[in-house]
Structures are given as C-alpha cells and as structure tokens.
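Presented below is the structure to which this report refers.
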Amino acid sequence: MTSAASHSPSLTAAQRRAVEHVDGAALVLAGPGSGKTRVITQRIARLISIGVPAWQILALTFTNKAAGEMRARVDAAVPKDVQGRRGLVVSTFHTFAATVLRHHAERAGLKPGFVIFDTADQRDCMKRAIADAGMPGRWTPAGALSEVSRLKNALKSPEDAVAAGDFRGRAIARLYEGYQRELAANNAVDFDDLFMMLAAMLRRDESLRREFTERFRYVLVDEYQDTNHAQFVIVRLIAEHGNVMVVGDPDQSIYGWRGADLRNILEFEQAFPGAVVIPLGENFRSTAHIVAAADGLIRHNRRRRHKDLSTSLGDGAMPVVLRCIDEHHEADEVVRRLRDCERTGIAWRGMAVLYRINALSRVLEDALRRDGIPYQVVRGTAFFDRREVKDALAYLRVVANAADAVSLRRIINVPARGLGETSVERLEAAAKARGMPVTEILASAGLIGLTARAAKSAAQFGDLLRRWRELASKAEAAALPDLVAAVLEESGLRTLVTAQTAEEIDGEDRAANLVELENAATDFIQERFAQGDILDASDRARAEALASGEVPPRTALDALRAWLESVALVADADALDPERGAVTLMTLHAAKGLEYPVVAMVGLEEGVLPHARALENPEEAEEERRLCFVGMTRAERTLIMAHSATRLVHGMRNACIESRFLRELPVDHVERVDLAGDAIGSIGFDDGGGPRGRGRRADEGERVFRVGSDDWYGRGGGAGTAGSRGGRQGARAAALRPGLGAGATLAGMAVGTMVRHPIFGIGRVQELLPRAGAPSVRVAFNEAGVKTLVIAYAKLEVLRR
DNA sequence: CCAGTCGCTATTTTT
DNA sequence: TAGCGACTGG
C-alpha cells in the first residue's frame with residue numbers, strides 16, 4: 001500500500017495544490033499510482049500544522065486497513081512537538097455511522113445494544129419476510145435483498161417504492177417492509193441501514209446536524225467514486241460549510257453493485273458549486289507499457305471523465321497475455337513465472353495474483369503449495385465464517401442483544417439440548433403473542449405447551465443466558481475475555497467442538513479457532529477498546545468526564561457490543577499483511593489501492609471477467625472493464641494476464657472465450673504468448689475425478705478440438721464444443737446453466753445429445769466431427785433429416801438428454 | 001428429535 | 001463441486 005510517490009522527496013505542482021488546499025470544496029481526480037494517499041495524509045498534516053485543531057478534521061475511508069494506514073502516516077507526518085493530533089477522526093464510513101448511531105441510538109429509533117446483521121442473518125430475515133408475505137418461489141432472498149439494498153442506498157423507504165409503483169415495485173415494497181419488521185424485531189440493522197438511518201437522523205435533527213457541522217470543519221473522503229447516494233447525503237449534510245475534499249477516480253469505480261453512484265464524482269461541482277478540480281494523472285508506479293495498455297483499455301468506456309495518464313518511469317516490459325489450456329495449466333504457468341521473478345531478486349511479498357471470483361483461488365493455492373511457495377489469501381471474513389466461530393459469536397450476540405432471535409435460533413440447540421424445530425416454533429409463537437423476546441420466555445416454557453423435557457431444558461438455557469448477561473453488565477470492560485471464556489465453557493460449545501476436532505482425522509483444528517477468537521477479544525480490549533471510540537477519544541469533555549469518574553466506566557457488556565460491531569465491519573482487505581514474505585492472492589476488488597512489482601491476473605475470459613452476471617447492461621460491462629483496469633494498474637513492472645481455453649465451472653468443464661478486454665488492449669503494448677498451441681481447446685468432460693497431474697496437456701486421450709476464437713468472439717448464438725465420456729452430464733448442465741456471456745453459450749455435446757436448431761427443429765447428435773478450424777456435428781433431426789453443422793455458426797441449443 | 005441421504009441449484013464482487 | 005433443503009427412518 002506504500003505509494004511509490006511517498007519515497008520521492010518533492011511534490012508535483014498538482015500534488016502541491018491538493019496538499020495546500022484549505023477552505024472550500026475540492027475534487028482530486030487521482031489516477032492510479034498518482035500519490036493519492038500521500039496527498040491526503042500530507043494535507044491533513046498541513047492543516048494541523050497551520051493551526052486547525054485535529055479534532056475538527058474528519059477523514060472517511062472504506063476499509064479499516066486504509067483508515068489505519070492513513071492514521072499511521074499522519075502520525076509520521078505531524079511533528080512530534082505538536083500536541084494536536086488528538087481527536088483526529090480517521091474512520092471507515094461504516095464505523096463512523098455505527099458509532100454515531102450507537103451514541104444516539106434512541107434518537108435514531110434504535111434500542112441500545114442493537115447489532116449489525118451480516119449477510120447470512122439478512123438472508124434469514126428476508127426468508128421470513130418472503131414467507132410471511134406468502135410469496136415464496138418468485139423471490140429468492142438474495143434477489144429481494146439486492147432490490148431492498150438498492151432502495152436503501154437511494155434513501156428510499158418502502159412507501160417510496162410503492163409510490164414508484166408498478167406491480168413489481170409493490171411486491172418489492174412489501175418485502176422491504178416485512179424485512180425491516182424482522183430487523184426491528186431482532187433489534188438489528190443491516191449495512192445499508194447504517195447510512196440510511198444516519199442520513200435520516202441528520203436531516204431530521206437540526207441540533208445534531210449542527211453539532212457535527214460545527215465539530216467537523218474539514219471533511220475528507222477517500223475513494224469517493226465508491227460512495228452511494230446515502231453517503232453523499234451524509235457528507236453534504238456534515239460539510240454544510242463546504243470545506244470538503246474528496247479524492248477518487250471514476251475509472252476505478254468498482255462498487256456499483258453495492259450502490260456506488262458514479263454521479264457523485266462526475267457531478268461533484270454541481271453539488272458543491274465553486275469546487276476546485278485537481279487532476280493527478282501522473283503515474284509514479286508503473287512502467288510505460290503497463291500504463292499505456294491500461295489506458296488503452298479504459299478508453300473503451302464511454303461514461304467517464306477522461307484524464308491523461310502518463311508515467312516518467314521507463315518503458316519496462318510489456319504486459320504478457322498468456323493463453324493456457326485449462327486452469328491447472330494456467331496456475332502452473334503463473335507459478336513458474338513468479339518463480340522466475342523471484343530468481344531475479346523480487347521478494348515473494350512483491351507479487352500478487354488477482355482474480356475476479358474467489359472460487360479461482362483454489363487451483364492457484366494448490367499450485368503454490370505444491371511448489372512450496374509461501375502465499376496468503378486475503379479474505380478478512382474467512383475466519384468469522386467458520387461454523388464454530390459463528391456459533392460462538394451467535395451466543396455472544398444473544399448476550400449482547402436479547403432480541404436477537406436469529407442468533408438464538410442458531411445456537412439454541414448447539415450443542416443439542418433437546419430443543420428441536422417444534423419447540424423453537426412454539427417458543428417463538430408464544431414470544432410473538434406476548435411481545436417479548438424469546439430469551440425472556442425460556443423460563444416459563446412449561447406454560448406454553450412444550451413437553452416437560454423440552455421445557456426443563458429451555459428453562460436451564462434461559463438461566464444460563466441470564467447469568468451471562470448479569471456477568472457482562474457487572475464486570476468491567478477488561479473482563480471481556482473472561483466473559484467469552486465463560487460462555488464457551490458453560491454453553492458446552494467448547495466441549496462439543498473439541499470432540500468434533502478429535503473425530504475428524506485431517507480436519508482443521510476447530511477448537512483452536514475458538515481459542516483464536518478469545519485471543520481476538522483480548523486484543524480488542526487491549527488495543528482498540530482502550531482508546532475509546534472515535535467520538536469518545538475526540539470529545540474532550542467526555543474524555544475528562546470519564547477520567548474524573550463522572551461517567552460510569554464501561555462494562556464488559558459495552559465492550560462486547562463494541563467488539564461485535566468491529567467484527568461485523570471487518571473487510572476482506574483488512575486481512576492483508578504486507579510484511580509477510582508471501583505471494584498475495586486476492587480478488588480484484590480487494591486489490592484496489594495496492595501495488596506490487598509483479599502482478600498476475602488469471603481467468604481473463606468472457607463470463608469470468610467480464611462476469612456473466614454483470615453483462616445485463618452496458619453500465620455493468622463498463623464496471624467490469626474498470627475492474628480489469630484496476631487490476632492492471634496494480635503492477636509496477638511485470639504484468640501477466642492469463643486466460644484458459646477451458647475451465648471447470650461448478651464441476652463441469654466449459655470451453656472459454658478470451659475476455660473482450662484482452663482484445664481491447666493496444667497491440668503495441670502487449671506481448672501475446674499462446675501456450676495452448678495450435679490445438680486449441682482441450683475438451684474433456686470426464687472431470688470431477690481426482691486431482692489432476694501438474695502440467696496437464698491435451699494428451700490424455702482427450703479429443704482436441706479447435707475452437708477458432710475469432711469466430712467466437714462477440715458473436716451471438718454460437719453453441720458449444722464437443723465432449724467425450726461423461727457428455728451426458730456435461731450437456732445437461734450446460735444447457736441449464738445461464739449463459740457465460742451473452743449469446744456465446746458454451747454447451748457440452750456428445751453423441752446422443754438432444755439439440756434444437758432454429759430452423760431444423762429438434763434432433764439428436766449422431767457424430768462429432770473435430771475438424772480443425774470448424775468443429776462440427778452431424779445431427780439427425782426429427783423432421784429435417786440428417787445435417788452436418790459447424791458448431792460455432794449453427795445456432796444450436798443443447799437440450800436435456 | 002436427530003442423523004443420514006438424495007437431489008437440486010448455483011448473484012460475483014463486500015461492508 | 002459443494003452446500004442447502006427436503007425427506008425418511010430410527
């Protein structure tokens with residue numbers, strides 16, 4: 001994350017303008033590698049040095065990592081004799097919003113102790129909302145949630161959605177309403193609520209707004225291209241005075257699916273009239289061919305704000321486009337090249353492998369492990385996604401928030417306490433009827449129709465919960481780890497998990513994960529909680545009140561809530577450890593803001609990048625192109641861009657088309673290496689067997705078909721390639737699978753596959769004809785007789801066999 | 001109530 | 001492939 005520019009002693013004229021900007025609005029358009037982080041931190045340091053009290057400065061980022069780095073660098077930049085770094089708020093948007101809501105819970109319409117629901121919890125709530133509304137089938141929880149999210153990011157209530165109201169809109173509004181009801185019943189908010197509620201509160205409550213406007217005289221927003229409408233409104237309300245500097249790059253906007261609104265940056269000057277615009281186009285990171293290639297790619301986007309990119313570094317090597325046989329070959333080849341780089345003296349930590357989807361990491365991990373190369377996969381939430389860790393957290397969340405029925409449901413019978421589905425439903429029904437949380441009703445379970453045994457068990461469990469809650473509210477904050485330990489012990493979770501660990505022979509050490517969780521609690525108390533939250537630390541009056549004992553010291557319950565909140569807001573990128581001497585593997589999204597001497601991008605195929613689900617409209621396709629641009633511009637000197645002729649997707653081997661983005665690269669700045677040879681696609685549908693040997697080539701008795709990629713590219717309706725054994729399964733799955741890229745349906749075919757032709761109708765494949773350049777099939781049609789068809793041209797649709 | 005099995009489906013990215 | 005939900009038998 002260290003910018004190359006940070007090592008150069010002086011600022012460019014443009015950078016200086018940005019650093020020296022004081023009052024009024026400014027938009028810094030910071031191209032990749034333009035020294036953005038440096039500009040931001042130096043500007044903060046400078047504001048402080050010219051006498052602006054640090055507590056009047058608010059800097060917002062999107063990840064904890066970025067916030068941490070910014071804090072550290074401001075620290076380093078502010079002269080030590082200046083006392084005044086105190087109270088500076090550098091926070092993620094999410095943490096900032098959550099903290100404000102916690103401080104003003106009642107004003108926001110929340111009960112203290114509210115929790116932030118993660119994606120799984122959200123799905124749970126939505127599932128119930130769908131069931132309650134009596135409309136299952138039509139809606140998947142994920143689909144409904146993304147609609148609701150869209151509305152929330154645009155600050156639309158269910159009523160607004162109705163008003164917009166066609167049939168579909170009304171259905172969504174109903175689910176939205178039901179979903180909100182579920183959240184409220186659990187005393188929970190989702191990620192989007194953080195902003196929606198904060199924006200609403202700031203709008204509604206003038207005194208609060210004034211408090212913020214007067215406190216934060218200087219507002220700074222990093223990665224501004226990623227802000228959504230709600231966040232924009234928050235920034236505008238706080239920065240009513242107009243002293244706001246936003247820094248971003250529309251070409252690196254990759255969070256549209258999360259509601260990021262490109263208009264925020266494209267129309268900044270309208271929102272803040274008189275704003276100064278400072279373009280930073282000079283790239284201090286990458287050598288010239290890399291910059292030229294990336295620039296050539298991004299120019300294909302229409303909706304952008306062009307800025308010239310330039311670099312003063314030398315030409316360097318051209319990006320290499322690798323064409324591989326399949327994902328194993330691709331991984332081996334990338335690893336081989338990384339090894340070559342290492343031999344030339346580049347440390348492992350200076351290398352990264354980037355991919356569009358997490359699923360692609362596995363093959364790479366295998367290849368790296370086999371070669372004994374150290375690597376780290378950047379996935380911040382991975383630890384908290386483990387079953388035993390989620391269970392432990394669910395217990396703690398119930399302690400922190402008695403209304404959390406979603407978490408309670410998760411752990412009420414883990415370990416088994418004889419409280420199955422039926423008992424839980426009875427408990428929930430009774431709780432609902434009395435308007436009480438389920439946890440409160442456990443003690444009187446005998447009165448509501450549970451069997452005697454279940455009632456006894458429920459009462460015991462209720463006792464446990466009460467004890468923990470009492471412990472939490474009486475103990476001091478430092479006792480948080482003891483509380484966690486007590487819960488793990490007394491719930492029986494530790495015993496259960498230890499037993500499971502012993503049973504699984506080569507499974508991972510689940511018990512150790514629980515210990516790890518306890519350590520995390522200890523760390524949190526010692527490192528983060530001790531400093532108070534972002535508003536505490538900066539609010540002198542409060543700090544003094546705390547010191548003098550006027551305000552009661554915080555309890556383990558407060559600590560627990562704060563910890564759970566921080567856990568809910570970890571980002572994948574937060575897991576990155578740049579110090580580790582290891583190759584870094586991560587998604588393109590996680591790679592934003594980082595840089596490495598050597599970068600390899602894999603899976604550059606239609607359907608992967610651009611992703612098949614992101615091709616429904618041109619705007620999404622442009623976002624995919626930006627994603628590719630972000631990946632390329634992470635590279636300082638060496639850039640490898642690999643794609644494969646076939647790839648295993650959902651256990652099925654598919655032929656693949658080279659990504660359109662590779663074709664858009666300016667030919668003068670790219671070197672192409674075709675490792676798949678003349679025999680292009682190696683098609684074999686027998687996959688799903690054990691691990692493949694390394695360096696796999698098309699010589700394992702598989703049929704080798706040529707798939708003229710020129711013919712495939714951008715063409716609609718072309719059907720797939722042929723298969724050998726196992727074709728039945730392949731054909732079926734391919735026919736049912738949503739297309740990998742518009743029109744280019746890559747179906748598997750075998751003798752016997754049923755196909756449909758737009759003119760000839762339905763027929764059965766009789767023979768596969770692997771003719772070089774024009775793989776064909778002979779099909780016996782029911783009506784039209786036997787025809788020989790070139791797969792790439794005939795609009796064949798593969799049917800169920 | 002629970003464990004096991006079968007079959008279906010697969011939003012990709014993340015706070 | 002894998003994870004989840006529905007179903008079944010003990």
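Numbers restart at 1 for each chain; the letters A, B, ... are given by sequence-line order, proteins then strands.
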* Asked: With the threshold set at 4.0 Å, does a side-chain nitrogen-carboxylate oxygen contact exist between A/E622 and A/R304?
  -> no
Could you list all N or O pairs between the protein and nucleotides 11-15 of chain B that sit under 3.5 Å apart?
| from | atom 1 | to | atom 2 | distance (Å) |
| --- | --- | --- | --- | --- |
| B/dT11 | O4 | A/S146 | OG | 2.6 |
| B/dT12 | OP1 | A/H611 | NE2 | 3.4 |
| B/dT12 | O4' | A/H611 | NE2 | 3.2 |
| B/dT12 | O2 | A/R356 | NH1 | 3.0 |
| B/dT12 | O2 | A/R356 | NH2 | 2.3 |
| B/dT13 | OP1 | A/N358 | N | 3.2 |
| B/dT13 | OP1 | A/N358 | ND2 | 2.7 |
| B/dT13 | O4' | A/R356 | NH2 | 3.4 |
| B/dT13 | O2 | A/W257 | NE1 | 2.8 |
| B/dT13 | O2 | A/R356 | NH2 | 2.7 |
| B/dT14 | OP1 | A/D572 | OD2 | 3.2 |
| B/dT14 | OP1 | A/T587 | OG1 | 3.0 |
| B/dT15 | OP1 | A/D572 | N | 2.9 |
| B/dT15 | OP2 | A/D572 | N | 2.8 |
| B/dT15 | O3' | A/H94 | NE2 | 3.4 |
| B/dT15 | O4 | A/T119 | OG1 | 3.3 |

* Asked: Is the closest basic N to carboxylate O distance between A/R410 and A/D124 below 4.0 Å?
  -> no
* **Ionic contact status for A/R653 with A/E327, cut-off 4.0 Å** => yes
* To do: Describe the nucleic acid contact of A/N413 in one word from base, sugar-phosphate, nothing, applying a heavy-atom distance below 4.0 Å.
  => sugar-phosphate
* Structure fact -> Heavy-atom closest pair (A/L588 atom, A/G631 atom, distance to 0.1 Å) is CD2-CA, 3.6 Å
* A/R362, CZ: over 12 other non-hydrogen atoms inside 6.0 angstrom -> no
* Roughly how far apart, to the nearest Å, are C/dC4 and B/dT13 at atom C1'? -> 22 Å
* To do: Would you mind classifying the nucleic acid contact of A/R362 as base, sugar-phosphate or nothing, using non-hydrogen atoms under 4.0 angstrom?
  => sugar-phosphate
* **A/L648 CG to B/dA10 P, straight-line distance once rounded to whole Å** => 18 Å
* **NZ (A/K456) with more than 12 external heavy atoms under 6.0 Å** => no
* **A/T227: which of A/D261, A/N264, A/D222 passes side chain to side chain donor-acceptor pair (under 3.5 Å)** => A/N264
* For DNA chain B, which consecutive runs of 3 or more Watson-Crick or G-U pairs (each distance under 3.5 Å) count as stems? -> B:1-10 with C:1-10
* Side chains of A/Q180 and A/E182: donor-acceptor distance under 3.5 Å anywhere? -> no
* Report yes if some heavy atom in the side chain of A/L609 is under 4.5 Å from a heavy atom in the side chain of A/M641; otherwise report no. => no
* **Charged N-O contact under 4.0 Å between A/R510 and A/D391** => no
Could I get a table of every N or O pair under 3.5 Å where one atom is in the protein and the other is in nucleotides 4-8 of chain C?
| from | atom 1 | to | atom 2 | distance (Å) |
| --- | --- | --- | --- | --- |
| C/dG5 | OP1 | A/K127 | NZ | 2.9 |

* Asked: Looking at A/D226 and A/K592, does any basic side-chain N land under 4.0 Å from a carboxylate oxygen?
  -> yes
* To do: For B/dT11 versus C/dA6, give the span between their C1' atoms, rounded off to a whole number of Å.
  => 23 Å
